[in-house]
Amino acid sequence: MHRYIRGQYMDEEIGRPRLVVQTNSIAETDKEMPGIRKNEKISYRTVGPFFIIQLVKPGNLNALEGEDYIYLGELLELADKDPHVYFTVLQSSGRFFSSGADFKGIAKAQGDSSIEYASETSKWLSNFVARNVYVTDAFIKHSKVLICCLNGPAIGMSAALVALCDIVYSMNDKVYLLYPFANLGLVTEGGTTVSLPLKFGVNTAYEHLMFNKPFKYDTLCESGFISKNFNMPSASSEEFNTTVLEELGRKVEGLYLPSCLGMKKLLQSNHIDSLNKINSMEVNESLKYWVDGEPLRRFSQLGSKQRKHRL
Ligand SMILES: CCC/C=C/C(=O)SCCNC(=O)CCNC(=O)[C@H](O)C(C)(C)COP(=O)([O-])OP(=O)([O-])OC[C@H]1O[C@@H](n2cnc3c(N)ncnc32)[C@H](O)[C@@H]1OP(=O)([O-])[O-]
């Protein structure tokens, strides 16, 4: 059990502070977590009650392959199991939070002749359905408070995961979320069939999904999707991440942190059933599109810059 007393996180199990936390800077431990592999695109660490997951591949705008999404799910499980963790914080790097599914990874899954699948259905069950359903489920059922630090835009599956977070902070007013399913021959995924109408209203969700229109900063603010804009237009993403973490450190001072988890559980109970149901419906609906091949054709056009999203 973790309690914040006189500027220190007291670990009640060991009867002394586990980390020293000062008001303006947070001491860090790079805790070695057993049983989890490393991933060059995603790092993680714990800082006091915060489990921090960071996307660290700004070169391709933090696009993620299927295995990376699985890794995100595994990290969430790790945070879930750690009794010292109360908040799971998602951070990124560079100018985008994440540009979504990596089109090179999708081409790889299609072209991989080392695995023989019994059918196209079997191939996409493995390369799409199982992965998507797993990571979405990990976000839906996560027991710690999920905080997303949006340093820039998020697209596709990554933007779907952002919409499953409990608190979203933005670095500036240039952030947007794009769910380009109609442009890619896909349907809603990652729980967006429920999360977007819930957070933006049904008709606004329709307008943006049907016409492949980004949710820009104004809409994100008006709807209350963004809890706070840190308004750091000329800062780096690292400066933004540090500032958010310092502010979070101050915000949790004096709180009885198990109350936060109790409230998360109650708030989560409002929508968890519909999210669980839609997670399965979404991937089953999407499967026919993958088997038919339209998403592949369109992802390949995206990769060769023959297709663009309207932003
Ligand atoms: C899980 C299955 C279901 C999937 C659901 C989804 O997530 S659907 C959503 C799927 N996602 C999308 O539909 C988004 C696709 N991306 C875009 O539409 C545009 O890149 C942009 C609007 C994000 C930024 O435009 P901009 O003019 O500001 O920048 P730029 O274009 O010059 O990019 C800079 C570099 O990053 C690279 N790179 C970027 N994204 C990806 C990617 N996803 N993959 C790989 N690489 C990517 C890009 O190739 C370039 O590398 P290069 O050539 O320098 O070696």
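Note that the structure is a prediction, hence the values are computed from the model and not measured. Values reported hereafter were calculated over all heavy atoms of this structure, with side chains retained and with hydrogens, waters and symmetry mates removed.
For Lys216, the NZ atom is loosely surrounded, since the number of other residues' heavy atoms within 6.0 Å does not exceed 12.
Both the sub-6.0 Å distance and the 45° axial angle are satisfied by Lys228 relative to the ring of Phe230.
Remark: the Asn172 side chain and the Tyr217 side chain contain no N/O donor-acceptor pair separated by less than 3.5 Å. A donor-acceptor pair shorter than 3.5 Å can be found between the side chains of Asp68 and Asn39. Side-chain contact check for Tyr69 and Ser158: at least one donor-acceptor pair (N or O, by modelled atom type) lies under 3.5 Å.
Residues Tyr117 and Asn127 have side chains in contact (heavy-atom distance under 4.5 Å, counting atoms from C-beta outward). Within the 4.5 Å cutoff, side-chain heavy atoms of Leu164 are placed close to those of Ile140.
For Phe215 and Tyr179, the ring centers are positioned less than 6.0 Å apart. A distance of 6.0 Å or more separates the ring centres of Phe51 and Phe87.
For Glu285 (side chain) and Glu282 (main-chain N/O), no donor-acceptor pair under 3.5 Å exists by modelled atom type. With hydrogens and angles disregarded, no donor-acceptor distance shorter than 3.5 Å links the side chain of Lys213 to the backbone of Glu207. No donor-acceptor pair under 3.5 Å is formed between the side chain of Lys277 and the backbone N or O of Ile272.
Between atom OG1 of residue Thr88 and atom CZ of residue Phe139 there is a gap of 9.0 Å, rounded to the nearest 0.5 Å. Note that CG of Asp292 is 12.0 Å distant from CH2 of Trp124, once rounded to the nearest 0.5 Å.
Val187 belongs to a hydrophobic cluster with Tyr289, counting contacts under 4.5 Å between side-chain heavy atoms of Ile, Leu, Val, Met, Phe, Trp and Tyr, direct or through other members.
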Applying side chain to side chain contact (heavy atoms under 4.5 Å, CB included) to Tyr206 and Thr204, what does each step give before you reach the verdict? CA-CA 5 Å; Tyr206 260 95; Thr204 300; over 6 Å; no
